[in-house]
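Step one of this worksheet: look at the structure below.
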Amino acid sequence: MNKTKIIRGTFLLAGMLLLGCGSHEKHDHAAESSKATSPEAGEPAHGEEIVWHEKEARAAGVRTEVVTPGPFSPVYKVSGTIQSAVGDEQVVSATAAGLVSLPGNGFPDGTAVRSGQVLVRLSARELTDGDPAEKARLDYEAAHREWERAQALSQDKLISDRELEEARLRYATAKAAVAGTVGRQVAGGIQVTAPISGYVKQCLVNAGEYVALGQPLMVITQNRRLRLQAEVPASSAAWLSTVRSAHFRTASSEEVLRLDSLNGRLLSTGRTLAPGAFYLPVTFEFDNVGSVLPGSYAEVWLLGAERPSVLTLPRQALTEEQGLYFVYVQEDADSYRRQEVVLGDDDGISVEIRSGLRGGERVVTQGAVRVKLVGASAAIPAHNHNH
């Protein structure tokens with residue numbers, strides 16, 4: 001009987017010890033878990049909060065704005081082309097090789113010029129090969145003297161007709177070469193003038209730059225306006241009656257341009273389809289600012305009639321993960337919260353936020369990707385556990 005009690009007491013004591021150890025281990029794990037997820041450990045609280053001190057965030061380029069509802073247009077995205085009138089532009093090319101000199105402050109894009117106005121002076125005096133205009137003048141003088149001498153010798157039958165003809169050809173060639181600089185040769189070199197009156201669309205050279213004969217120097221356009229022609233599928237013809245403006249981006253640039261900022265206006269919308277055509281043209285006109293090249297293909301965001309009280313954000317405020325979109329709401333000066341949003345229309349510059357935000361919240365509009373990276377680095381656990 002006593003032996004049985006002793007055995008039972010031993011098992012009871014062992015069970016209590018095991019329960020005590022299990023309870024102690026559970027308590028330690030909970031403490032470590034609480035410590036690992038605390039803000040002091042650098043992890044986002046509840047998996048959402050991102051702690052980043054204000055000075056560090058601003059130094060990294062993070063900027064925020066308060067979201068407020070405002071007018072926004074329905075958007076229809078299509079493709080299009082940039083067009084200019086035939087004969088509207090002329091390229092001014094170098095009439096001689098040399099170093100470029102631009103009068104005054106040069107010719108910024110959009111500068112008005114008149115026909116015959118001096119645009120560029122080209123000089124080769126400082127080059128190793130010398131000034132070609134001066135060489136042409138000296139060759140002409142030498143050929144002229146030789147031609148006069150040949151004529152005198154020919155009268156006395158001292159040279160053959162063939163030699164006389166060769167002298168005449170050398171003189172004619174030299175005369176033609178020097179004639180190309182007549183009226184354009186000045187102390188500073190060869191003057192290159194505007195062939196037409198209009199506006200400088202693009203200056204292709206800088207002062208002091210060396211150019212070769214025939215190299216393009218400037219592009220002159222007679223019209224400061226270009227055209228954007230968007231192509232709309234015939235199936236969406238009913239939508240055209242609401243179109244008022246557009247945003248567009250050419251293949252050569254990442255910048256999305258607003259027609260409203262370029263003094264743009266709607267010229268016409270197609271009403272009938274040409275034989276074999278499937279698209280209706282929508283044509284706009286806008287100021288030629290120099291960065292848009294006629295003939296370029298473009299992405300076009302056609303804008304309909306404005307809707308009031310729409311929440312929007314710049315496109316750079318969004319981050320994307322596996323098809324879901326997120327923004328970062330600033331909770332206070334040093335913390336941010338990742339918030340999923342549902343998007344609506346996108347006009348190439350701003351995006352409609354259909355749900356996930358409400359007016360009055362402060363959202364990261366620049367540097368959202370940096371905030372995302374800070375949150376991702378903070379969420380990586382640094383777990384050192386010793387049993």
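Source: prediction; values computed, not measured. Position 1 is the first residue of the sequence; numbering continues from there.
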### Query
Can you tell me how far CD of Glu340 sits from OG of Ser355, rounded to the nearest 0.5 angstrom?
8.0 Å
### Query
Does Arg315 CZ have over 12 foreign heavy atoms under 6.0 Å away?
yes
### Task
Inspect the contact between Arg244 and Asp260 and indicate whether a charged nitrogen and a carboxylate oxygen are less than 4.0 angstrom apart.
yes
### Query
How about Asn105: does its CG atom have over 12 heavy atoms from other parts shown lying under 6.0 Å from it?
no
### Query
Do Ser197 side-chain atoms and Ser115 backbone N/O form a donor-acceptor pair below 3.5 Å?
yes
### Query
Is a salt bridge present between Lys201 and Asp109, judged by a nitrogen-to-oxygen distance below 4.0 Å?
no
### Query
Applying the side chain to side chain contact (heavy atoms under 4.5 Å, CB included) test to Leu302, which of Leu266, Val78, Asp347 qualifies?
Val78
#### Entry: Ser73 side-chain N/O to Gly304 backbone N/O, donor-acceptor pair under 3.5 Å
yes
### Query
Is there a donor-acceptor contact under 3.5 Å from the side chain of Thr173 to the main chain of Arg170?
no
### Query
Salt bridge or not for Glu165 and Arg168, using N-O below 4.0 Å?
yes
### Message
Treating Ser253 as the side-chain partner and Thr250 as the backbone partner, does any N or O pair qualify as donor plus acceptor under 3.5 Å?
### Response
no
### Task
Give a yes or no on whether the backbone of Glu54 and the side-chain of Asp334 come within a donor-acceptor separation of less than 3.5 Å.
yes
### Task
Kindly determine whether Thr283 and Arg227 satisfy side chain to side chain donor-acceptor pair (under 3.5 Å), including the steps that lead there.
CA-CA 7 Å; Thr283 307; Arg227 291 185 176 184; over 6 Å; no
### Message
Under a 3.5 Å distance rule, please check whether Arg63 uses its side chain to pair with a backbone N or O of Arg58 as donor and acceptor.
### Response
yes
### Task
Could you tell me whether the side chain of Arg370 and the main chain of Ala60 form a donor-acceptor pair under 3.5 Å?
yes
### Message
Does the plane of the ring in Phe286 sit parallel, tilted or perpendicular to the ring in Phe248? Use 30° and 60° as the thresholds.
### Response
tilted
### Message
Please determine whether residues Leu259 and Leu303 belong to a single hydrophobic cluster, defined as Ile, Leu, Val, Met, Phe, Trp and Tyr linked transitively by side-chain heavy-atom distances below 4.5 Å.
### Response
no
